[in-house]
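Worksheet for the structure shown next.
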Amino acid sequence: QTAVDGLTYTLSEGGGENCSIANGPYFWNVDIINMTATATLLTKVGIIGSFAASGWGTDVEMTFDAATLTYSVEQTFAAGDEWKFRFNGDWGFNLGQSGDALAHDGANIKVETAGTYVITLDMAHGSVPTYTCVAK
């Protein structure tokens, strides 16, 4: 069975039919109690925050690099600016800081020193998304 973006599927214990999905980044919402799963294709990856280009109202879109399978953006921040990763322009799909890792609905990421940074998001390598935020 091929999964379709946005449709909810019923899961079964002990196997059943395998499921495939078209290549691309997806956000999966899996409900173990009700045994359902929904895949949402991520069509826009961006950052949003208190920085001047966003003001918590506009996503700054990241660029996908097919060679590294990462997303990146160059952004200027003031000291104390905060930001998060957001997908499809929807708060239902966001990543923020949780300890040393990224997590869905995690805390805002804070910039301590003003400057221009290159932010890179990697969701393809490893079991959890990672990012770097490097001063230019």
Mind checking side chain to side chain donor-acceptor pair (under 3.5 Å) for [X] and listing every partner two or more places apart, or none if nothing turns up?
| X | result |
| --- | --- |
| Thr8 | Thr38 |
| Thr70 | Thr68 |
| Asn29 | none |

Next item on the list: Would you mind listing the cluster partners of Trp91? Hydrophobic ones only (ILVMFWY), side-chain contacts under 4.5 Å, chaining allowed.
Entry: Ile48, Trp56

Notebook entry, point to check: Ala53 and Thr58: which non-hydrogen atoms are nearest, and at how many Å?
Noted result: O-CB, 4.1 Å

Check: How far apart are the closest heavy atoms of Asp81 and Ala78, and which atoms are they?
Finding: OD2-N, 2.8 Å

Margin query: So, using side chain to side chain contact (heavy atoms under 4.5 Å, CB included) as the criterion, who are the partners of Val128 when residues are at least two apart?
Written below: none

Checklist line | Partners passing ring-ring contact (aromatic ring centres under 6.0 Å, His included) against Phe51 (at least two apart in sequence or in another chain) | finding: Phe77

Next item on the list: Compare all side-chain heavy atoms of Phe27 with those of Leu41 and state whether any distance is below 4.5 angstrom.
Entry: no

Check: Are any of the side-chain heavy atoms of Pro129 and Leu95 separated by less than 4.5 Å?
Finding: yes

Note to self: Which residues pass the salt bridge (charged side-chain N to carboxylate O under 4.0 Å, His left out) test with Glu74, not counting sequence neighbours?
What the structure shows: Lys136

Next item on the list: Rounded to the nearest 0.5 Å, what's the gap from NZ on Lys110 to OG on Ser50? Could you check?
Entry: 9.0 Å

Notebook entry, point to check: Hey, any chance Ile47 and Phe64 share a hydrophobic cluster, counting ILVMFWY side chains that come within less than 4.5 Å of each other, even indirectly?
Noted result: yes

Margin query: Under 4.5 Å between side-chain heavy atoms, counting indirect links through other Ile/Leu/Val/Met/Phe/Trp/Tyr residues: same cluster for Leu69 and Val73 or not?
Written below: yes

Under the salt bridge (Lys or Arg N to Asp or Glu O under 4.0 Å) rule, what pairs show up with a residue in [range], not counting sequence neighbours?
| range | answer |
| --- | --- |
| residues 35-50 | none |
| residues 83-98 | Asp59-Arg86 |
| residues 18-29 | none |

Donor-acceptor pairs under 3.5 angstrom involving side-chain atoms of residues 97-107: please list them, not counting sequence neighbours.
residue: Gln97; atom: OE1; partner: Tyr131; partner atom: OH; Å: 2.8
residue: Gln97; atom: NE2; partner: Gly99; partner atom: O; Å: 2.9
residue: Gln97; atom: NE2; partner: Ala101; partner atom: O; Å: 3.4
residue: His104; atom: ND1; partner: Asn94; partner atom: O; Å: 3.2
residue: Asp105; atom: OD1; partner: Asn94; partner atom: ND2; Å: 2.7

Note to self: Parallel, tilted or perpendicular: which one describes the rings of Tyr26 and Trp28, with boundaries at 30° and 60°?
What the structure shows: tilted

Distance-only donor-acceptor hits, side chain of residues 114-123, under 3.5 Å, sequence neighbours excluded:
residue: Thr116; atom: OG1; partner: Thr76; partner atom: OG1; Å: 3.0
residue: Tyr117; atom: OH; partner: Thr113; partner atom: O; Å: 2.5
residue: Asp122; atom: OD1; partner: Ala124; partner atom: N; Å: 2.9
residue: Asp122; atom: OD1; partner: His125; partner atom: N; Å: 3.1
residue: Asp122; atom: OD1; partner: His125; partner atom: ND1; Å: 3.0
residue: Asp122; atom: OD2; partner: His125; partner atom: ND1; Å: 3.0

